[in-house]
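Notes follow once the structure below has been shown.
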Amino acid sequence: MVDLLLRNATIYPGDAEPRTGDVAIDNGVIIAVGAGLQPEAARSIDLRGLSLAPGFVDMHAHSALRSFDDPILKPKLLQGFTTELINPDGMGPAPVTDERLSDRMTQLALSEGPGPRVWPWRSIGEYLDGLERTRPAISLCPFVPHGAVRDAVLGGAHRAPSSGELRAMRHEVARGMEVGAWGISFGLVYTPGAYADREEVVAVSEEAARFGGLISVHMRGESHNLLDAVAEMIDVSRRSGAPLHLSHLKVLGRRNAWKLEPLIEMIDGALADGIDVTFDQYPYGAGVTLLSALLPPWAHDGGVARMTGRLRDRSTVNRLLNALGDPEAGPESFYYQCGPEGIVVIDCGPDGPADVTGRTLAEIASARNVEPEQVVVDLLLETGMSALVILHYADESVVKAIARHPAMLVGSDAVFAATPHPRLWGTAPRFLGRYTIRDGIVSVLEAIARLSYRAAQRVGLNDRGEIAPGLRADLVAFDLDRVIDRATYDQPERSPAGINWVIVGGALAVDPNGPTGVRCGGVTRRTEPAL
């Protein structure tokens, strides 16, 4: 007797050619794969006409706090994601100090969700214990967030750490790795991560490398300084010994499209030189960030309170307004690269103006009869720094060119905003159904391998990513003729079509009627000791 028997599926094992057969599952584990299996089963499902793949892995997920409010994680589960890497971009709920707690909660409220009203944790281990108690429906794999570590040790200061402070930062990274993190994440375009120089990045990466951990990085720039930023992280990987994973690789700004070819050449060159590098991508030409990210780094110095003071000082505001249109005033210069017509407000927090959501900065400026640059300052004050925006930054042709590269994996980078980016509901089926099946960017076999086996192997998740005996039963069954994303910028909360069943830990988490309410994910921790 087995718990579940899946019959007559076209099985994509993970990184091998498909074949028709059955899969027997018991106690959360795949126990047999083959044709004509006939064990007695508590439940049997005929998957004739459907494809069966290992559960998908989201390489870049902002779900660190969402499970406290919605442990089902419905938008991700319905896409077939059964595992997510959390705490990306150097951001995370821990470590955190009492002094920095309020600022951290404000910083993460929009990108990660508010979480519990009171945070009972301070260390990464305490946070992971609390997250485990939410019983998430998806497996969540934590990273050590460098920005949080820096904030806890330096208090948000815009300076290099002393030797003692750097030792403390290294110690915090090691503590995070010891309690189960899979690597270290950086957000070198966000404060306080942007304040770190290369030597600091190398030093803390060495701690992750001691445990066999991965560097996951939102680089220092993706627009005018893209190539320099990639070169920096290749150097960090070489010097620290940690394998490198570049977050949401892109060419930001249509005027920078010429950098696509040298970008690919640089990655290929690093691979040829023996640097272990991959990257993730979401299949859209638009991204999401905090409205405050449009400001240059110096405006963030000292945290939310001091930033607010600067926005109320006329002379400082004039300096900020000039900086918004300067292509080299910040690491990205989002305002310059995308223009006010390409920046859409999607969330203003609970107390912000409701009439601006879904409108571009240009449209808001016209309605208010002010310059678009002034709208940035005004909305930051009106929302208490809690506004999110979508940035339309690239043509689809550039996105697809990056997607063709064999080092590409899939990451949603999706935040649970009031009016979210469609990638929250559509990333995996868009890559599989639209980019792969309809547009032929890569083969179906290649797409599934990237979504499952190669992603799991990249992180070190050796218990999943394949349909094979002895491995965790995380699976997704879909109709190749129907699978497609349906979420759009106008209707971003539409679930995908063609994904029929999602199995997490051997349990049916999604059936043809939607989520079942079963929660067999949890926090998945790395267990290997330091090298």
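Atoms considered below: every heavy atom in the structure, side chains included; atoms not considered: hydrogens, waters and symmetry mates.
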Can a side-chain donor-acceptor contact be found between [Y] and [X] if the only test is distance below 3.5 angstrom?
X      : Y      : answer
His62  : Ser111 : no
His248 : Asp280 : no
Thr134 : Ser67  : yes
Asp58  : Ser412 : yes
Arg464 : Thr83  : yes

Query raised in the report: Who are the side-chain contact (heavy atoms from CB on, under 4.5 Å) partners of Asp235, not counting sequence neighbours?
Result: Arg198, Arg238, Arg239

To the nearest 0.5 angstrom, please state how far the [atom1] atom of [X] sits from the [atom2] atom of [Y].
X      : Y      : atom1 : atom2 : result
Phe416 : Asp70  : CZ    : CG    : 7.0 Å
Ile25  : Ile30  : CD1   : CD1   : 6.0 Å
His392 : Cys338 : NE2   : SG    : 9.0 Å
Leu78  : Arg494 : CG    : CZ    : 13.5 Å
Leu294 : Thr289 : CG    : OG1   : 7.5 Å

side-chain hydrogen bond (donor to acceptor under 3.5 Å, both in side chains) against [X], all qualifying residues, sequence neighbours excluded:
X      : answer
Ser223 : Glu332
Arg430 : Glu396, Asp485
Ser333 : none

To check you understand the geometry: which heavy-atom pair defines the closest contact between [X] and [Y], and what is its length?
X      : Y      : answer
Ala229 : Gly221 : CB-O, 3.4 Å
Ala64  : Glu112 : N-OE1, 2.9 Å
Leu409 : Arg450 : CD2-O, 3.6 Å
Tyr393 : Gly287 : CE2-N, 3.3 Å
Ala286 : Arg423 : O-NH1, 3.5 Å
Gln79  : Pro429 : OE1-CD, 3.6 Å

With sequence neighbours left out, write down each residue that passes salt bridge (Lys or Arg N to Asp or Glu O under 4.0 Å) with [X], or none if nothing qualifies.
X      : answer
Arg254 : Asp395
Asp439 : Lys400
Asp3   : none

Query raised in the report: What side-chain hydrogen bond (donor to acceptor under 3.5 Å, both in side chains) pairs are there with at least one residue in residues 339-348, not counting sequence neighbours?
Result: none

Report all side-chain donor-acceptor pairs from residues 466-481 shorter than 3.5 Å, counting only partners two or more places apart or in another chain.
unit_1 : atom_1 : unit_2 : atom_2 : d
Arg472 : NE     : Asp474 : OD1    : 3.0
Arg472 : NE     : Asp474 : OD2    : 2.9
Arg472 : NH2    : Ser139 : OG     : 3.4
Arg472 : NH2    : Cys520 : O      : 2.9
Asp474 : OD1    : Gly505 : N      : 2.8
Asp479 : OD1    : Asp481 : N      : 2.9

**Report entry** Under-4.0 Å salt bridge between Arg220 and Glu232
**Finding:**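 Yes.
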
Query raised in the report: Is the closest basic N to carboxylate O distance between Glu446 and Arg454 below 4.0 Å?
Result: yes

Requested in this report: Any ring-ring contact (aromatic ring centres under 6.0 Å, His included) involving residues 421-455? Give me the pairs, sequence neighbours left out, ordered by first then second residue.
Outcome: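 Checked against ring-ring contact (aromatic ring centres under 6.0 Å, His included) - neighbours excluded - the pairs reaching residues 421-455 are Tyr284-His421, His421-Tyr489.
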
**Report entry** Of all pairs that satisfy ring-ring contact (aromatic ring centres under 6.0 Å, His included), the ones with a partner from residues 259-279, not counting sequence neighbours
**Finding:**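 Only Phe279-His405 qualify under ring-ring contact (aromatic ring centres under 6.0 Å, His included).
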
Can you list, pair by pair, the side-chain donor-acceptor contacts under 3.5 Å of residues 269-277, counting residues two or more places apart and other chains?
unit_1 : atom_1 : unit_2 : atom_2 : d
Asp276 : OD1    : Arg458 : NH1    : 2.8
Asp276 : OD1    : Arg458 : NH2    : 3.4
Asp276 : OD2    : Arg458 : NH1    : 3.0

Query raised in the report: Between Phe186 and His218, is the ring centre distance below 6.0 Å?
Result: no

